[in-house]
Amino acid sequence: MDLRLLGARARNELVGGPLEVAPRLLGKVLVAYDQQVEADGWVGAAAGRIVEVEAYLGAEDPASHAFRGPTARNRTMFGSPGLLYVYFSYGMHYCCNVVCQPPGTAGAVLIRALEPLAGLEMMRARRSVRRVGSAPLRDTELCSGPGKLCQALGIGPSDDGADLLAPTSRIRLGEARGTPQDVRRGPRIGISQSHTTAGEHWRWWEAGNEHVSVRPRR
DNA sequence: CTTTGGATCGTCT
DNA sequence: GACGATCCAAAGG
(Lines give C-alpha, C1' and ligand atoms only; values in the text may rest on other atoms or scores of the structure.)
Protein backbone atom coordinates (compact mmCIF):
# COMPACT_ATOMS: atom_id res chain seq x y z
CA MET A 1 0.00 0.00 0.00
CA ASP A 2 1.30 3.42 -0.84
CA LEU A 3 1.79 6.31 1.53
CA ARG A 4 -0.28 9.40 0.85
CA LEU A 5 0.99 12.36 2.84
CA LEU A 6 -1.57 14.88 4.02
CA GLY A 7 -1.15 18.42 2.70
CA ALA A 8 -2.47 21.79 3.75
CA ARG A 9 -5.89 20.97 2.30
CA ALA A 10 -6.34 18.36 5.04
CA ARG A 11 -5.89 20.98 7.76
CA ASN A 12 -9.63 21.08 8.43
CA GLU A 13 -9.48 17.44 9.57
CA LEU A 14 -7.23 18.54 12.43
CA VAL A 15 -9.25 21.58 13.49
CA GLY A 16 -11.65 21.25 16.39
CA GLY A 17 -11.87 20.35 20.02
CA PRO A 18 -9.41 17.65 21.15
CA LEU A 19 -12.28 15.34 22.12
CA GLU A 20 -13.49 15.48 18.53
CA VAL A 21 -10.11 15.37 16.76
CA ALA A 22 -8.49 12.64 18.88
CA PRO A 23 -10.49 9.65 17.60
CA ARG A 24 -10.21 11.10 14.10
CA LEU A 25 -6.43 10.57 14.20
CA LEU A 26 -6.71 6.82 14.77
CA GLY A 27 -5.59 4.96 11.65
CA LYS A 28 -3.62 7.89 10.22
CA VAL A 29 0.11 7.49 9.68
CA LEU A 30 2.84 9.39 11.54
CA VAL A 31 5.97 9.68 9.40
CA ALA A 32 9.49 10.76 10.36
CA TYR A 33 12.00 11.20 7.55
CA ASP A 34 15.74 10.91 8.05
CA GLN A 35 16.44 14.06 6.09
CA GLN A 36 14.76 17.41 6.40
CA VAL A 37 14.53 17.86 2.62
CA GLU A 38 11.22 17.55 0.81
CA ALA A 39 10.61 13.83 0.97
CA ASP A 40 7.74 11.58 0.02
CA GLY A 41 6.86 7.91 0.14
CA TRP A 42 8.41 5.27 2.35
CA VAL A 43 12.06 5.76 1.42
CA GLY A 44 14.09 7.14 4.33
CA ALA A 45 11.07 7.07 6.58
CA ALA A 46 10.24 5.60 9.93
CA ALA A 47 6.48 5.44 10.07
CA GLY A 48 3.61 3.94 12.00
CA ARG A 49 -0.15 3.80 12.09
CA ILE A 50 -1.70 5.67 15.04
CA VAL A 51 -3.49 3.18 17.29
CA GLU A 52 -3.78 5.05 20.62
CA VAL A 53 -4.41 8.73 21.46
CA GLU A 54 -5.41 10.98 24.34
CA ALA A 55 -7.11 14.39 24.37
CA TYR A 56 -5.72 17.34 26.34
CA LEU A 57 -7.74 20.52 26.65
CA GLY A 58 -6.83 24.00 27.85
CA ALA A 59 -8.04 25.99 30.84
CA GLU A 60 -10.75 23.41 31.60
CA ASP A 61 -8.28 20.52 31.95
CA PRO A 62 -6.10 20.40 35.10
CA ALA A 63 -4.03 17.58 33.59
CA SER A 64 -3.10 19.68 30.56
CA HIS A 65 0.16 21.59 30.26
CA ALA A 66 -1.98 24.51 29.07
CA PHE A 67 -4.12 24.58 32.22
CA ARG A 68 -2.41 27.62 33.72
CA GLY A 69 -2.04 29.55 30.50
CA PRO A 70 0.80 29.97 27.99
CA THR A 71 4.42 29.54 29.07
CA ALA A 72 7.70 29.11 27.23
CA ARG A 73 7.32 25.35 27.42
CA ASN A 74 3.73 24.99 26.17
CA ARG A 75 3.62 27.81 23.63
CA THR A 76 3.17 25.41 20.71
CA MET A 77 -0.06 24.17 22.29
CA PHE A 78 -1.42 27.68 21.79
CA GLY A 79 -0.35 27.68 18.14
CA SER A 80 -2.10 26.59 14.97
CA PRO A 81 -3.81 23.28 14.22
CA GLY A 82 -1.48 20.81 12.56
CA LEU A 83 1.60 21.76 14.56
CA LEU A 84 3.57 19.15 16.51
CA TYR A 85 3.90 19.91 20.23
CA VAL A 86 6.91 18.09 21.68
CA TYR A 87 7.68 18.14 25.40
CA PHE A 88 10.34 16.69 27.68
CA SER A 89 9.02 14.22 30.23
CA TYR A 90 10.44 12.75 33.43
CA GLY A 91 13.89 14.10 32.66
CA MET A 92 14.38 11.34 30.12
CA HIS A 93 11.74 11.07 27.43
CA TYR A 94 9.97 13.12 24.80
CA CYS A 95 6.28 12.94 23.95
CA CYS A 96 4.46 14.45 20.98
CA ASN A 97 1.01 15.91 20.36
CA VAL A 98 -0.97 17.17 17.40
CA VAL A 99 -2.24 20.71 18.05
CA CYS A 100 -5.88 21.07 17.02
CA GLN A 101 -7.24 24.41 18.20
CA PRO A 102 -6.79 27.88 16.67
CA PRO A 103 -4.17 30.27 18.10
CA GLY A 104 -5.17 31.77 21.40
CA THR A 105 -6.89 28.64 22.64
CA ALA A 106 -5.10 25.46 23.61
CA GLY A 107 -5.93 21.89 22.71
CA ALA A 108 -3.91 18.92 21.51
CA VAL A 109 -3.93 15.17 21.02
CA LEU A 110 -1.16 13.07 22.56
CA ILE A 111 0.03 10.25 20.30
CA ARG A 112 0.43 7.28 22.64
CA ALA A 113 1.16 4.34 20.35
CA LEU A 114 1.93 3.40 16.75
CA GLU A 115 1.78 0.19 14.78
CA PRO A 116 5.15 0.24 12.98
CA LEU A 117 4.86 0.25 9.18
CA ALA A 118 8.27 1.28 7.85
CA GLY A 119 11.84 1.77 9.04
CA LEU A 120 11.56 -0.96 11.66
CA GLU A 121 15.32 -1.50 11.83
CA MET A 122 15.96 2.23 12.24
CA MET A 123 13.40 2.22 15.03
CA ARG A 124 15.07 -0.75 16.68
CA ALA A 125 18.47 0.94 16.48
CA ARG A 126 17.20 4.18 18.00
CA ARG A 127 15.28 2.35 20.71
CA SER A 128 18.24 0.18 21.67
CA VAL A 129 20.69 2.97 22.38
CA ARG A 130 20.13 2.92 26.13
CA ARG A 131 19.70 -0.83 26.27
CA VAL A 132 23.10 -2.19 25.28
CA GLY A 133 23.42 -5.88 25.97
CA SER A 134 19.70 -6.49 26.26
CA ALA A 135 17.73 -8.83 24.05
CA PRO A 136 16.57 -7.42 20.70
CA LEU A 137 13.31 -5.50 20.95
CA ARG A 138 10.23 -7.13 19.51
CA ASP A 139 8.08 -5.16 17.07
CA THR A 140 5.45 -4.61 19.75
CA GLU A 141 8.04 -2.90 21.95
CA LEU A 142 9.09 -0.30 19.40
CA CYS A 143 6.25 2.24 19.55
CA SER A 144 3.91 1.02 22.31
CA GLY A 145 4.08 4.17 24.41
CA PRO A 146 4.41 7.95 23.97
CA GLY A 147 8.07 8.05 24.96
CA LYS A 148 8.93 4.94 23.00
CA LEU A 149 7.48 6.16 19.72
CA CYS A 150 9.29 9.48 19.94
CA GLN A 151 12.55 7.65 20.51
CA ALA A 152 11.80 5.25 17.63
CA LEU A 153 11.04 8.14 15.28
CA GLY A 154 13.87 10.32 16.55
CA ILE A 155 11.43 13.02 17.62
CA GLY A 156 13.01 15.59 19.92
CA PRO A 157 13.03 19.26 20.89
CA SER A 158 14.04 20.40 17.41
CA ASP A 159 10.75 18.98 16.08
CA ASP A 160 8.62 21.08 18.42
CA GLY A 161 6.44 23.42 16.37
CA ALA A 162 6.88 21.55 13.09
CA ASP A 163 3.93 21.75 10.70
CA LEU A 164 2.77 18.18 10.07
CA LEU A 165 1.16 19.22 6.78
CA ALA A 166 4.09 21.15 5.29
CA PRO A 167 6.31 19.56 2.59
CA THR A 168 9.42 20.94 4.28
CA SER A 169 8.77 19.27 7.63
CA ARG A 170 10.65 16.15 8.71
CA ILE A 171 7.61 14.90 10.60
CA ARG A 172 4.42 14.42 8.54
CA LEU A 173 1.00 12.86 8.69
CA GLY A 174 -0.26 10.34 6.16
CA GLU A 175 -3.75 9.40 5.08
CA ALA A 176 -5.51 6.82 7.24
CA ARG A 177 -4.50 3.26 6.54
CA GLY A 178 -7.76 1.39 6.88
CA THR A 179 -10.57 2.40 9.20
CA PRO A 180 -10.00 1.34 12.81
CA GLN A 181 -12.46 -1.46 13.36
CA ASP A 182 -13.03 -1.64 17.10
CA VAL A 183 -12.34 1.72 18.76
CA ARG A 184 -12.62 1.84 22.53
CA ARG A 185 -12.24 4.66 25.02
CA GLY A 186 -11.35 4.94 28.69
CA PRO A 187 -9.59 7.11 31.29
CA ARG A 188 -6.27 8.71 30.41
CA ILE A 189 -3.07 7.05 31.59
CA GLY A 190 -0.66 8.43 34.15
CA ILE A 191 -2.83 11.33 35.32
CA SER A 192 -2.84 12.02 39.06
CA GLN A 193 -6.25 11.47 40.57
CA SER A 194 -6.58 15.09 41.65
CA HIS A 195 -6.42 16.09 37.99
CA THR A 196 -9.07 13.68 36.78
CA THR A 197 -12.83 13.70 36.96
CA ALA A 198 -14.84 10.51 37.21
CA GLY A 199 -16.33 9.68 33.86
CA GLU A 200 -13.60 11.36 31.84
CA HIS A 201 -12.86 8.91 29.04
CA TRP A 202 -10.38 10.88 26.99
CA ARG A 203 -8.19 8.02 25.77
CA TRP A 204 -9.01 6.15 22.55
CA TRP A 205 -7.38 3.00 21.19
CA GLU A 206 -7.92 0.26 18.67
CA ALA A 207 -9.10 -2.78 20.60
CA GLY A 208 -7.01 -5.90 20.17
CA ASN A 209 -4.08 -4.10 18.59
CA GLU A 210 -0.84 -5.49 19.97
CA HIS A 211 0.94 -2.16 19.74
CA VAL A 212 -1.26 -0.29 22.18
CA SER A 213 0.59 0.70 25.36
CA VAL A 214 -0.21 -1.49 28.32
CA ARG A 215 0.39 0.23 31.58
CA PRO A 216 -0.88 -0.18 35.11
CA ARG A 217 -3.71 2.06 36.34
CA ARG A 218 -3.42 3.99 39.55
C1' DC B 1 2.52 -13.01 34.91
C1' DT B 2 2.41 -8.48 38.35
C1' DT B 3 4.48 -5.12 41.34
C1' DT B 4 7.95 -1.97 42.76
C1' DG B 5 11.45 1.40 42.79
C1' DG B 6 15.15 3.98 40.41
C1' DA B 7 16.68 7.04 36.80
C1' DT B 8 16.86 12.05 35.72
C1' DC B 9 15.96 17.07 34.86
C1' DG B 10 13.04 21.02 33.14
C1' DT B 11 9.29 23.60 34.88
C1' DC B 12 6.71 25.97 38.05
C1' DT B 13 5.71 26.93 43.17
C1' DG C 1 12.10 21.98 46.52
C1' DA C 2 8.48 18.98 44.54
C1' DC C 3 6.54 16.88 40.80
C1' DG C 4 5.58 14.79 36.64
C1' DA C 5 0.91 13.24 29.84
C1' DT C 6 7.47 7.55 31.24
C1' DC C 7 10.29 3.52 30.79
C1' DC C 8 12.90 -0.32 32.36
C1' DA C 9 15.03 -3.82 35.20
C1' DA C 10 14.68 -6.53 39.08
C1' DA C 11 12.21 -9.01 42.38
C1' DG C 12 8.25 -11.67 43.78
C1' DG C 13 4.13 -15.32 42.78
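Just the heavy atoms: all of them, side chains too, but no hydrogens, waters or symmetry mates, feed the values below. Residue numbers start from 1 in every chain, and the chains themselves are labelled A, B, ... in the order their sequence lines are given, proteins ahead of strands.
One interatomic measurement links the two molecules: OH of A/Y56 to C1' of C/dG4, which rounds to 11 Å at whole-angstrom precision. Here the C1' atom of nucleotide C/dC7 and the CG atom of A/L149 are 13 Å apart, to the nearest Å. One atom, CZ of A/F67, and another, C1' of C/dC3, lie 16 Å apart when rounded to the nearest Å. Protein atom CD of A/Q151 is 11 Å distant from nucleotide atom C1' of C/dT6, rounded to whole Å. Atom P of nucleotide C/dA5 and atom CD of A/E54 are separated by 11 Å, given to the nearest angstrom. Between the P atom of C/dC7 and the CZ atom of A/R112 lies a distance of 7 Å, rounded to the nearest Å. Rounded to an integer number of Å, the gap from OH of A/Y94 to P of C/dC7 is 15 Å. One can place CZ of A/R130 at 9 Å from C1' of C/dC7, the figure rounded to the nearest angstrom.
Phosphate proximity of C/dC7 to A/R131: absent, as no side-chain N or O sits under 4.0 Å from OP1 or OP2.
Ion pairing between A/D163 and A/R11 holds under the 4.0 Å rule for side-chain N and carboxylate O. Salt-bridge check for A/R24 with A/E13: failed, with every basic side-chain N at 4.0 Å or more from each acidic carboxylate O.
A donor-acceptor pair under 3.5 Å is absent between the side-chain atoms of A/R188 and the main chain of A/H201, judged by distance alone.
Remark: A/Y33 pairs with no residue by the side chain to side chain donor-acceptor pair (under 3.5 Å) rule, at least two apart or across chains.
Here the CZ atom belonging to A/R170 is positioned 7.5 Å from the CG atom belonging to A/D34, to the nearest 0.5 angstrom. Here the NE2-CZ distance, from A/H211 to A/R138, works out to 10.5 Å after rounding to the nearest 0.5 Å. In this structure, CG on A/D159 lies 8.5 Å from SG on A/C150, to the nearest 0.5 angstrom.
Neither side chain, A/R126 nor A/Q151, offers a donor N or O lying under 3.5 Å from an acceptor on the other. Using a 3.5 Å distance cut-off with no hydrogens or angles, the side chains of A/T168 and A/E38 do not pair a donor with an acceptor.
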> What one-letter contact string describes nucleotides 7-13 of chain B from 5' to 3', where B marks a base within less than 4.0 Å of any protein heavy atom, S marks contact via sugar-phosphate atoms alone, and - marks no contact?
Replying inline: BBBSSSS

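Where A/S134 and A/M77 meet DNA chain C, the nucleotide closest to each residue was compared, and A/M77 sits on the side nearer the 5' end.
Listed by first residue number, the stems of DNA chain C with at least three Watson-Crick or G-U pairs below 3.5 Å are B:1-7 with C:6-12, B:9-12 with C:1-4.
Comparing C/dG4, C/dC8, C/dT6 by their closest approach to the side chain of A/S192 singles out C/dG4.
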